[in-house]
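Reviewing the structure listed below.
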Amino acid sequence: MSSLFDLTGKVAIITGSTKGIGKAIAEEYAKAGAKVVISSRKADVCEQVANELREQGFDAMPIACHVGDKAQLQNLVDQTLAAWGKIDILVCNAATNPVYGPTHNVSDEAFDKIMGTNVKGTFWLCNMAIPHMVKQGGGSIVLLSSIAGLRASANIGVYGMSKAAEAGLARNLSLEWGPQNIRVNSIAPGLIRTDFAQALIEDPERLKRVEEKLPLRRVGEPVDIAGVALFLASKAGAYVTGQTIVADGGDTIA
Ligand code: NAP
């Protein structure tokens, strides 16, 4: 493997890493040599996924954390530092979307839940990790945005707004912290085969559109996004900051 992608000795926190895109990112980071924190709301599942990685000879530590809860986010940072002494890479991947339908039907409660979990939680966690990255001379932060943040949607509008805000957060943090050698980018995946996107993938019309219209003629797999996350976290992406990298099989250009 090119040394540009080597993460040996790096400590990475990946939220929502017990399945889907987050798990694929944790696996690829671990294979590249990083120590990875496996995190989601369920402690038993975090333990199980961390054990799977340890059995393969990788360094993995489970820390349960709901990303909408400030105290739990602080605990995620504190426990990582207590065990491994630093945070080189932060991937804010966990997100929620409890509603499907036009935006005017979205309740205040659902709106606050989407924005609180996807935007405010991400904002908090970045602000908690950054001072430690500054102390150690730099770091890389990757936020999971979406192509839903780049265009309008009839069914997932508020979620799309939250994903646009995450891309904006990455852009702004990159400006503020670039001089301290902290790079902040976001990834905008298209449709990826995970539980989160199950309803979309099972929608025959949408699947047909993807398989007939997209230049790559297929739904994405979690590892397709993990590759981009590895690039952004490693030396390979050393001159990339403030960007939203679209990985959508060509969906947005077709
Ligand atoms: P997924 O397969 O449903 O996995 C979500 C992960 O996040 C799980 O580990 C889940 O575990 C955890 N999680 C959910 N809510 C959480 C919370 N409040 N606090 C902490 N952990 C939480 O989802 P995915 O498709 O991989 O999505 C990952 C990211 O990619 C999201 O930011 C999503 O917006 C973005 N994305 C996905 C797609 C797609 O097509 N799949 C497209 C564009 C962008 P628990 O439920 O046990 O907590």
Side-chain angles (χ1 to χ4, degrees), residues 13-28 36-50 52-53 60 62-73 75-76 90-100 110 112-122 124-125 142-151 153 155-167 169-170 186-203 206-207 210 214 218-226 228-229 244-249 251-252:
I13 295 176
I14 305 108
T15 66
S17 43
T18 55
K19 62 181 182 173
I21 292 169
K23 185 178 182 194
I25 293 174
E27 285 169 347
E28 295 309 315
V36 294
V37 175
I38 300 299
S39 187
S40 84
R41 290 168 296 184
K42 299 179 192 112
D44 55 335
V45 187
C46 293
E47 185 72 46
Q48 186 191 314
V49 172
E52 272 174 34
L53 287 169
I63 306 175
C65 170
H66 186 314
V67 297
D69 184 310
K70 201 169 191 178
Q72 290 187 35
L73 288 168
N75 181 59
L76 176 65
L90 170 65
V91 182
C92 297
N93 165 76
T96 193
N97 182 35
V99 289
Y100 196 75
D112 289 347
K113 186 173 180 190
I114 295 169
M115 292 299 171
T117 305
N118 301 0
V119 184
K120 205 180 200 181
T122 301
W124 282 335
L125 184 54
V142 179
L143 309 184
L144 263 291
S145 180
S146 169
I147 59 167
L150 298 174
R151 57 188 189 188
S153 160
N155 292 315
I156 52 172
V158 177
Y159 166 78
M161 288 160 60
S162 77
K163 292 284 141 180
E166 287 189 72
L169 177 60
S186 65
I187 304 174
L191 189 59
I192 308 297
R193 195 184 309 279
T194 68
D195 290 351
F196 190 79
Q198 201 171 352
L200 300 179
I201 288 168
E202 282 173 0
D203 173 349
R206 185 175 293 262
L207 191 61
V210 165
L214 261 59
R218 65 175 177 90
V219 168
E221 301 298 331
V223 72
D224 292 326
I225 304 307
V228 182
T244 299
I245 311 289
V246 177
D248 67 348
D251 196 351
T252 46

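Just follow the structure's listing: the first ligand is 1, and inside any ligand the first atom is 1. Here the structure is a predicted model, which means the values were calculated and not measured.
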Worked check of salt bridge (charged side-chain N to carboxylate O under 4.0 Å, His left out) between R218 and D224:
CA-CA 12 Å; R218 65 175 177 90; D224 292 326; 2.8 Å; yes
Check ligand 1 against G20 and write out every atom of the ligand that is under 4.0 Å from a heavy-atom position of the residue.
2 (O), 26 (O)
Proximity winner for atom 9 (O) of ligand 1, if only heavy atoms of N97, D248, I156, T18 are counted
T18
Donor-acceptor pair, distance only, cut-off 3.5 Å: does the side chain of N93 make one with the backbone of L144?
no
Would you say S17's side chain and S39's backbone share a donor-acceptor pair under 3.5 angstrom?
yes
The closest protein heavy-atom partner of atom 42 (C) of ligand 1 is G190 O, 3.1 Å
Could you list the atoms of ligand 1 found under 4.0 angstrom from a heavy atom of A197?
39 (C), 40 (O), 41 (N)
I'd like to check which ligand 1 atoms, numbered from 1 as shown, lie under 4.0 Å from a non-hydrogen atom of T117.
18 (N)
Can you find a pair of side-chain heavy atoms, one from V36 and one from E27, that are under 4.5 Å apart?
no
Are any of the N or O atoms of A94 closer than 3.5 Å to those of ligand 1?
no
Heavy atom of the protein closest to atom 1 (P) of ligand 1 (residue, atom name, distance):
F196 CB, 3.8 Å
Quick one: look up the protein heavy atom nearest atom 40 (O) of ligand 1 and list residue, atom name and how far away it is.
I192 N, 2.8 Å
If you scan protein heavy atoms around atom 41 (N) of ligand 1, the nearest is T194 OG1, 3.0 Å
Does L191 reach ligand 1, in the sense of a heavy atom lying below 4.0 Å from it?
yes
Would you mind telling me if ligand 1 is within reach of the side chain of N93, the backbone, both or neither, using heavy atoms under 4.0 Å?
both
If we number the atoms of ligand 1 from 1 as shown, the ones under 4.0 Å from a heavy atom of S146 are 43 (C), 44 (C)
Partners meeting ring-ring contact (aromatic ring centres under 6.0 Å, His included) with F196 (sequence neighbours left out):
Y159
Looking only at atom types and distance, does a side-chain atom of T18 sit under 3.5 Å from a main-chain N or O of S40, one as donor and one as acceptor?
no
Please report the shortest heavy-atom distance between I147 and V246, naming the atom on each side.
CG2-CG1, 3.9 Å
Which residue from S40, S186, S162, G220 reaches closest to atom 11 (O) of ligand 1 through any of its heavy atoms?
S40
Heavy-atom closest pair (K42 atom, A64 atom, distance to 0.1 Å) is C-CB, 4.5 Å
Nearest protein heavy atom with distance in Å, relative to atom 46 (O) of ligand 1:
R41 NH2, 2.8 Å
Nearest-option assignment for atom 19 (N) of ligand 1, heavy atoms, candidates I21, V67, L200:
V67
Please write down residue, atom name and distance for the protein heavy atom closest to atom 47 (O) of ligand 1.
K42 NZ, 3.1 Å
Non-hydrogen side-chain atoms of N75 and I63 separated by less than 4.5 Å:
yes
Nearest neighbour in protein (non-hydrogen) for atom 12 (C) of ligand 1:
G16 CA, 3.5 Å
Under the 3.5 angstrom rule, does the side chain of S145 hit a backbone N or O of A164 as a donor-acceptor pair?
no
Per atom 18 (N) of ligand 1, closest listed option by heavy atom (R193, H66, K23):
H66
Could you pull out the closest heavy-atom pair between L143 and E166, with the gap in Å?
CD1-O, 3.3 Å
Quick look: S145 vs ligand 1, heavy-atom contacts under 4.0 Å, and the answer is backbone
If we only count N/O pairs under 3.5 Å, is Y159 in contact with ligand 1?
yes
Distance from atom 4 (O) of ligand 1 to nearest protein heavy atom, with residue and atom:
K19 CG, 3.6 Å
Minimum heavy-atom separation for V119 to A165, with atom names?
CG2-CB, 3.8 Å
The single option from T117, T122, N118 that satisfies side chain to side chain donor-acceptor pair (under 3.5 Å) with S162 is N118
Of the choices C65, G22, S17, which has the non-hydrogen atom that lies closest to atom 20 (C) of ligand 1?
C65
